Amino acid sequence: MMPFRRYIPLLALLPFVLVPLFVSDTYIVHGVLAKVCIYVIVVAGLDLVSGYSGDISVGHAGLLAVGAYTSAILCWKLQWNWWGTVPVSILFTALAGVLLGVPALRLAGPYLAMTTIAFGLIVQTIVNESEKLTKGSTGITEIPRLRLGSLSLESNNFYYLTFVAMVLVLYLKRQVVFSFWGRAFEALKENPLAAECSGVSRYRFKLGAFIISAAFTGLAGALFIHLNKYCGPLSFSLQFSIDFLIMLILGGTRSMFGNIIGAFIVVFVPDFFNNIAEYQLMIFGGLLLFTLYFLPGGIIGLINLLARSVGALFRRRRDAVVTAATPRTFPGEQLSPVPEVAHQDAATMQLQAVYRRSLPAGTGSSGHEAAAALLKTEELTIAFGGLVAVNKLELDVRPGEVHALIGPNGSGKSTTINMLSGVYRPTGGRIRFADLPLGGAPHNISRAGIARTFQNVALFGDMTLLDNVLVGLHHTFSRITLLDLFTASPRARREERAARARAQLLLEFVGLGDLANERARNLPYGKQRLLEIARALAQNPALVLLDEPAAGCTAGEISAIDKIIGKMKAAGLSILLIEHHMDLVMNVSDRVSVLDFGQKIASGTPAEIQRNERVISAYLGAPADELPPAAAAAV
Ligand code: ADP
Ligand code: MG
């Protein structure tokens, strides 16, 4: 992607800068426009929390108060230069973000909303009560005049200061959301389970978003006290927190211009309708309801929609020519069973180079130790209420082995994979992986080297194929810090480029290279399953758990999956395969274990399993000798 083009929209902010040249009214420039800029800073931060990360904060006025009071108190009590107070305000507010986020974001649900409401109220109470430090309800009026060297930053110049701060914050936000952070937010929002199983820690990113948001708000707080040269508790009411949410939703989430438009409306509307001030709440309530019902994307969503429609009108004539000339092959066309030969070999070689993980001693595939298990379960058990879904399961997968797990529907196969991938917590027994005990959250297990696919395909439907795989490559960014992203460091850009190249290679490996920029939800079902395999491989696993990869696939797609499994094995990967297509199972497996009612009833080579009478009767519900030979052979 061209990094520069991303910033072109920022140029649209230029007219803003020029306003003071035409409008000399201090009230408009200092009182209104500077206010808008400060609010945009808060709303941009709130957008990270609510728009991207999907949590609701009703405490941003409280955070703003932390930033404002930190700066005001340092200026008043310690005679600090205001510029020196800014980093302290940012730091303190970020710390408040940590204190709030750490407990509240561990739990899913409305906890952040509840905690932040309480926080806002507590801040107001503290400010009111600690008279000595904050002058209580009177508020601090000893706010110094702002200068930069010999330049006064009062009146219209203050607007320029807030404008620069706003542009800086919008830039930093863009740097975050156009990085692996942004992909993590989107993945977590679309499918939290799949995101976690791909190695993304939900908690870490939600907390990160909240802390960045708090830091932005701290900056806004330090600026805020100069609007009226005043810092008092009434400015930071619960209503103000709700106003920020209204700005965000009205303008439209996940959009720089949405943030700006929202702040503009909420600042301007009351000013222009002073005579109906009593109805302000009602007007905003009505606007909000209208937006939620009719414009779920906010005003910016409506503008985008209009722009697209107009664009489509202009494009129609050209398109008519293009579609006639080039037949559409997608979606719904038959899968070319395997990728092109040249591609395929390059991709396999790459896969071999990339996926030979160095495993701890004892599980290496060298010499007589080759038979030591990579994965081993001991008496693995899980009960749902009275139902024992998996019962004392003993399973071992050796390095480089394809181990099939088969059994009738409801016999506990998917449940086993859910335990192995950290989605379910076993009620009994142990799992050992690479000679170490295995447990913990799904993203930890992904990092440990176990990747999975899902029986019910779990992709990030609104993201492109390439981005889906890039989420699986999340672990490759572990050394990239926020500072790297903020400064667009060479290291961050290098990692992003490398990940993109690798994602493309993985797509080619499963035969989807041409569709890299298509949205995942537009793929036919069978190709979605291939994409899941690519995302699993991206996690650099030693063991891949495949839950019915061929279910619902066409014959062509099944043969592609057959070949892909063969190549994964050739690259040194171990595979636990759940599958109902017996010809596929018998073709690719080294060993087969059979589950029935949560218990292992047989284990052995494919040939042994095909002859096993308990297996035949479990599958067909009748003793083997009562079956016609053809039916027995089909098992
Ligand atoms: P399969 O072998 O077809 O993959 P599953 O592992 O999905 O079977 O299911 C095994 C049994 O466990 C079924 O009876 C199913 O209803 C039950 N089960 C699976 N997950 C849950 C759950 N979260 N809560 C209750 N019962 C469950
Ligand atoms: Mg299942």
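Counting convention: from 1, in listed order, for ligands and their atoms alike. Computed from a predicted structure; not experimentally measured.
Contacts classified as salt bridge (Lys or Arg N to Asp or Glu O under 4.0 Å) and involving residues 178-187 (residues at least two apart or in different chains) are given here: R183-E496. Applying the salt bridge (Lys or Arg N to Asp or Glu O under 4.0 Å) test to pairs two or more places apart or on separate chains, those with a residue in residues 576-604 are D396-R591, E401-R591, K569-D590. Annotation: ring pair (Phe, Tyr, Trp, His ring centres under 6.0 Å) contacts involving residues 377-404, sequence neighbours excluded, comprise F384-Y424.
Using a cut-off of 4.0 Å between Lys/Arg side-chain N and Asp/Glu carboxylate O, R521 and D462 are scored as salt-bridged.
Near S411, meaning under 4.0 Å from one of its heavy atoms, ligand 1 places the atoms 1 (P), 2 (O), 8 (O). In summary, the atoms of ligand 1 found under 4.0 Å from a heavy atom of A389, numbered by their order in the structure, are 11 (C), 12 (O). Within ligand 1, counting atoms from 1 as listed, the ones closer than 4.0 Å to a heavy atom of S414 are 1 (P), 4 (O), 6 (O), 7 (O).
Looking only at protein heavy atoms, the nearest one to atom 18 (N) of ligand 1 is F384 CE1, 3.5 Å. Ranking the protein heavy atoms by distance from atom 20 (N) of ligand 1 puts Y424 OH, 3.3 Å first. Scanning the protein for heavy atoms near atom 15 (C) of ligand 1, the closest one is L387 CD2, 4.5 Å.
Checking only distances, T416 never comes within under 3.5 Å of ligand 1, N or O to N or O. At under 3.5 Å, a nitrogen or oxygen of G412, whether backbone or side chain, sits near a nitrogen or oxygen of ligand 1. For G410, a nitrogen or oxygen atom sits less than 3.5 Å from a nitrogen or oxygen atom of ligand 1, counting backbone and side chain alike.
When T415, I406, L595 are checked for heavy-atom proximity to atom 9 (O) of ligand 1, T415 turns out nearest.
The Mg ion (ligand 2) has S414 OG, Q455 OE1 as protein N, O or S atoms under 2.8 Å away.
Between the side chain of S593 and the backbone N or O of L405 there is no donor-acceptor pair closer than 3.5 Å. For the pair E548 (side chain) and Q455 (backbone), a donor-acceptor distance under 3.5 Å is absent. Checking side-chain atoms of S446 against main-chain N and O of A451 turns up no donor-acceptor pair under 3.5 Å. Checked by atom type and distance alone, the side chain of K189 never pairs as donor or acceptor with a backbone atom of Y52 at under 3.5 Å.
Put simply, atom 23 (N) of ligand 1 has protein non-hydrogen atoms near it, under 4.0 Å away.
Side-chain rings of H443 and F205 stay apart, their centers remaining 6.0 Å or farther from each other.
Within the model, atoms CG of L459 and CG of L523 stand 7.5 Å from one another, a figure rounded to the nearest 0.5 Å.
Summarising the local packing, CZ of F597 is surrounded by 12 or fewer heavy atoms from other residues, nucleotides or ligands at distances under 6.0 Å.
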